[in-house]
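The chains referred to below are lettered A, B, ... by the order of the sequence lines, with proteins before strands, and numbering in each begins at 1.
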Amino acid sequence: MSVSTIWVYTDLTQPEEGHGEPTSTTLELLAKASELADTVVAVVGGSGDSLAATLGAHGASKVLATGDLTGRLPGPPLAAAMADAIAADAPDAILFGTSYDGRDVAARLSVRLDAPVITNIVELNEVDGALVGVEPVFGGNTNVTTKFTGSTPGIFLVRPKSFAAAESPSGDAATVEALAVPELGAVGAAKVTNIHVEETEGPSLDDAAIVVAGGRGMGDAEKFQAVEDLAKLLGAAPGASRAIVDAGWVPYSYQVGQTGKVVKPDVYIAAGISGATQHLVGMKGAKHIIAINKDAEAPIFSVADLGIVGDVHKVLPKLIEAIQSR
Amino acid sequence: MNVVVCVKQIPDPAEPGDLDPETKTLKREGKLILDESDSYGVEMALQLVDNAGEGEVTLISMAPNEEVSGLRTALAMGAAKAILISDPALAGSDALTTAKVLAAAAKRVEGADLILTATESSDGYTGTVPEQLAAVLDLPSVTFAKEVEVGDGAVKVRRQTEAGFNDVECPLPAVVSVTAGVVEPRYPSFKGIMAAKSKPVENLTVADLGLDASQVGWAGAGQEIIDIAKAPAREAGEIIEDEGEAFQSVVDYLANLKII
């Protein structure tokens with residue numbers, strides 16, 4: 001048995017209309033959906049024509065597109081449009097990547113359909129013709145598998161990097177159909193008045209092969225510079241724990257963790273990071289983990305391949321010097 | 001300006017979590033404390049009411065065993081009153097049900113201009129309740145607010161995005177979820193803690209909210225856990241105490257991987 005139809009919500013990399021490419025998470029979901037279902041449909045909040053080729057190549061046979069939604073938050077219009085379309089022809093399941101917009105749309109759709117959402121999914125399996133999702137709990141030491149018991153489409157919010165995108169996408173361009181957005185009134189009245197894209201130099205945290213991240217153990221914003229220096233030296237992306245992003249030492253774009261980015265680099269160096277569950281969730285998938293922390297009991301050491309119990313302010317400068325002199 | 005803050009009372013995150021093998025739900029037996037994520041929402045609400053010069057902050061919490069410890073903490077910070085929904089029928093409730101319960105309680109607060117929440121709880125981290133709450137109440141919403149300003153019947157929010165941030169304007173009443181760090185939460189004063197003991201906490205059951213037991217808890221969740229398995233643990237590797245030379249181990253490790 002296989003699942004008949006899966007819809008995949010399309011997150012776009014650039015928020016401005018006409019300049020977006022599907023995010024890597026979207027492509028990962030399209031690949032997984034193609035593996036599990038006979039038919040894959042991509043849902044786009046925006047214009048679909050420019051995306052039909054890419055989405056089709058990655059497995060979608062059809063694109064449902066609302067048309068330009070510039071200036072609007074996606075939750076209310078997408079949920080309303082999708083609910084109407086589902087009333088006419090329901091898929092078996094709907095996949096959303098865990099992104100700011102994905103969560104909003106999935107949540108509002110869940111209320112529209114009176115259907116539950118399961119979140120933080122890292123694996124999807126087919127059991128008796130229906131999709132079930134696997135979610136890691138307690139920092140990842142336990143996996144819980146959940147199935148839906150009702151007749152509404154299963155709504156899944158999937159973590160980034162759970163699946164691999166197609167390596168050689170080769171599907172035909174998808175057909176594009178309009179997804180009508182009904183009049184919404186006050187519920188859709190929020191207006192996006194400005195879009196600000198943060199400038200970043202160097203490799204992006206999402207794709208970097210090496211990440212050097214710092215946490216509260218770095219002491220203060222100034223001393224965090226050692227993390228940036230080491231990152232630059234190794235051609236790595238700098239990262240940070242939530243604690244220091246909240247404290248304002250570094251921008252949110254540096255944040256690795258449950259909220260923030262999930263990274264799977266070849267090497268992850270954690271300096272002065274204790275390894276709270278929130279953080280581990282974002283980097284446990286790294287191939288090699290090196291941790292430096294003065295607390296021998298720090299949870300980060302339970303996932304580190306190489307752990308140094310010591311003062312980051314003593315270890316990092318020597319490490320940097322040793323690398324520089326090679 | 002009347003602000004409602006939906007807060008969660010959770011087991012102390014410092015204690016390791018556990019699943020009850022019978023019910024397959026998170027064990028919530030010991031004392032529950034105010035989720036740290038909610039301290040930001042409470043603080044934001046208090047500041048907005050302060051700035052407006054009038055109004056009050058009402059807390060809403062859905063918790064087992066009529067737990068109030070976390071609510072008292074938020075009341076000690078300065079919230080005026082609380083609504084606690086506690087009912088054995090709620091055991092096993094999922095995010096959607098939680099949103100319906102919180103919404104039913106929120107509807108009872110007169111003159112609420114704004115409802116604040118965290119972006120996600122620290123123990124469940126499903127992250128959908130704020131937007132589901134807004135949808136049940138048929139209100140506009142802005143999630144992941146890192147800056148919030150209220151004026152002229154609208155809320156102006158700087159909303160976190162993957163690429164940076166967006167500025168969003170939303171008419172009131174609305175639901176806004178706030179990120180950690182949106183404000184610096186105050187520590188309750190001794191006076192606040194004492195005052196909190198006598199601030200009103202209204203206790204409601206599922207029936208009081210006009211909901212049916214079949215719509216909530218396990219009965220209403222629309223999902224079932226079919227497997228719980230220990231995940232293969234990532235093994236810890238080598239741990240070295242630094243006596244001045246540990247940096248060399250890192251150099252060797254990286255050299256071995258041909259990174260340097």
- prompt: Can A:Asp104 and B:Arg159 be counted as an ion pair, charged N to O under 4.0 angstrom?
  reply: yes
- request: Side chain from CB out, backbone as N, CA, C, O: work out which of these in B:Asp94 comes under 4.5 Å of a heavy atom of chain A, or both, or neither.
  value: side chain
message: For B:Glu169, is there an ion pair with A:Lys191 - N to carboxylate O distance below 4.0 angstrom?
response: no
- prompt: So what's closer than 4.5 Å to chain A heavy atoms on B:Ser141: side chain, backbone, both or neither?
  reply: both
message: Between B:Leu133 and chain A, with a heavy-atom cut-off of 4.5 Å, which part of the residue counts as in contact: side chain, backbone, both or neither?
response: neither
message: Can a side-chain donor-acceptor contact be found between B:Asp167 and A:Thr193 if the only test is distance below 3.5 angstrom?
response: no
- line: Sequence neighbours excluded, the answer for salt bridge (Lys or Arg N to Asp or Glu O under 4.0 Å) partners of B:Glu43 is B:Arg186
query: Is the closest side-chain heavy-atom distance between A:Leu319 and B:Val251 below 4.5 Å?
result: yes
message: Between B:Glu120 and A:Arg103 (salt bridge meaning N to carboxylate O under 4.0 Å), is one present in this structure?
response: yes
- prompt: Taking atom CD of B:Glu162 and atom OH of A:Tyr100, what is their separation to the nearest 0.5 Å?
  reply: 5.5 Å
query: Heavy-atom distance under 4.5 Å to chain A: side chain of B:Ile259, backbone, both or neither?
result: side chain
- prompt: Salt bridge check: are B:Lys258 and A:Asp266 linked by an N-O gap of less than 4.0 Å?
  reply: no
field: Under 3.5 Å side-chain donor-acceptor pair for B:Gln132 and A:Ser110
entry: yes
